[in-house]
Amino acid sequence: MTLYKNEKTLGTYRINLGFAPEGAKHFEGDGKTPEGQYFISEHNPRSSYHLSLRISYPDARDTDFAAQTNLSAGCDIMIHGLPNGDNPDDPKYTGKDWTLGCIAVTNREIEEIYRQVPDGTPIEILP
């Protein structure tokens with residue numbers, strides 16, 4: 001993940017995605033991370049992860065697509081650190097996609113990102 005401000009790179013981060021990262025997210029529980037253009041809709045200092053930034057998924061397009069098959073598009077997609085209380089050196093978080101569809105970074109990295117990215121910041125999630 002690369003963070004930009006006025007076309008200047010502020011930081012680049014290794015990320016972990018949903019446990020089934022290939023392809024776009026369409027339905028709740030599919031283990032995929034959404035792809036497309038969204039924005040940061042909320043800072044959550046009381047997250048069950050170290051800190052989190054809510055992504056504006058699902059938008060109307062996502063909801064309409066899921067509704068065509070009577071399924072939920074899901075919700076609560078975040079950029080976050082590790083689960084509170086977990087050991088950051090646990091191998092289950094290293095080099096593996098483990099989230100339910102979120103974008104995970106280290107605790108130190110989410111602290112940095114959290115400070116630099118205001119609500120309303122546009123984001124683009126690419127395949």
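These numbers come from the heavy atoms of this one structure, side chains and all, not from hydrogens, waters or symmetry mates. In what follows, residues are counted from 1 in the order of the sequence shown.
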Seminar exercise, completed: Separation between CD (Gln37) and OG (Ser56), nearest 0.5 Å, reads 10.0 Å

For this session: Taking the side chain as every heavy atom from C-beta outward, state whether Tyr4 and Leu10 have any atom pair closer than 4.5 Å.
Result: no

Problem set entry | Residue pair Phe39, Thr121: steps toward the side-chain contact (heavy atoms from CB on, under 4.5 Å) verdict | CA-CA 5 Å; Phe39 62 91; Thr121 298; over 6 Å; no

Exercise. Is a side-chain N or O of Thr33 found less than 3.5 angstrom from the main chain of Gly18, in a donor-acceptor match?
Worked result: yes

Problem set entry | Flag if over 12 foreign heavy atoms under 6.0 Å of CZ, Arg46 | no

Exercise. At what distance, to the nearest 0.5 angstrom, does OG of Ser41 lie from CD1 of Ile55?
Worked result: 8.5 Å

For this session: Supply the atom-to-atom distance Glu109 CD to Thr12 OG1, rounded to the nearest 0.5 angstrom.
Result: 10.0 Å

For this session: Report the C-alpha separation of Trp98 and Lys92 in whole Å, then their side-chain angles, then the decisive distance to 0.1 Å, and conclude whether the side-chain contact (heavy atoms from CB on, under 4.5 Å) test is met.
Result: CA-CA 8 Å; Trp98 57 269; Lys92 70 182 170 189; over 6 Å; no

Problem set entry | Flag side-chain contact, heavy atom, 4.5 Å: Ser52 against Tyr114 | no

Problem set entry | side-chain contact (heavy atoms from CB on, under 4.5 Å) assessment of Ile125 paired with Ile103 | CA-CA 10 Å; Ile125 305 170; Ile103 299 169; 4.1 Å; yes

Exercise. Between Asp30 and Lys32, is there a side-chain N and carboxylate O pair less than 4.0 Å apart?
Worked result: no

For this session: Using a 4.5 Å cut-off on heavy atoms from C-beta on, say whether the side chain of Leu51 contacts that of Glu111.
Result: yes

Enumerate, atom names and distances included, each donor-acceptor pair closer than 3.5 Å involving a side-chain atom of residues 73-86, sequence neighbours excluded.
unit_1, atom_1, unit_2, atom_2, d
Asp76, OD1, Arg54, NH1, 2.5
Asn84, OD1, His50, N, 3.3
Asn84, ND2, Ser47, O, 2.8
Asn84, ND2, Ser48, O, 3.3
Asp86, OD2, Tyr93, OH, 2.2

Exercise. Can any side-chain N or O of Thr99 pair as donor or acceptor with the backbone N or O of Ala104 at less than 3.5 Å?
Worked result: no

Exercise. Can you check whether Lys96's main-chain N or O pairs, donor with acceptor, with Asn16's side chain at less than 3.5 Å?
Worked result: yes

Problem set entry | Main-chain N/O of Asn87 paired to Asp90 side chain as donor or acceptor, under 3.5 Å | no

Exercise. Nearest heavy-atom pair of Phe19 and Gly29: which atoms, and what distance?
Worked result: CZ-O, 4.1 Å

For this session: Mind checking the CG-NZ spacing from Leu3 to Lys8? Nearest 0.5 Å is all I need.
Result: 11.5 Å

Problem set entry | Verdict with reasoning, Ile113 to Leu53, per side-chain contact (heavy atoms from CB on, under 4.5 Å) | CA-CA 9 Å; Ile113 295 164; Leu53 299 169; 3.7 Å; yes

Problem set entry | ring pair (Phe, Tyr, Trp, His ring centres under 6.0 Å) involving His26 - partner list, sequence neighbours excluded | Phe65

Seminar exercise, completed: Rounding to 0.5 Å, atoms CD1 (Ile110) and OH (Tyr49) come to a distance of 12.5 Å

Problem set entry | 4.5 Å side-chain heavy-atom contact, Arg14 and Val105 | no

Exercise. Donor-acceptor pair, Asp97 side chain versus Leu17 backbone, under 3.5 Å?
Worked result: yes

Exercise. Taking atom types as modelled, is there a side-chain donor on Glu124 or Tyr38 under 3.5 Å from an acceptor on the other?
Worked result: no

Exercise. Atom CD1 in Ile15, atom SG in Cys102: separation rounded to 0.5 Å?
Worked result: 11.5 Å

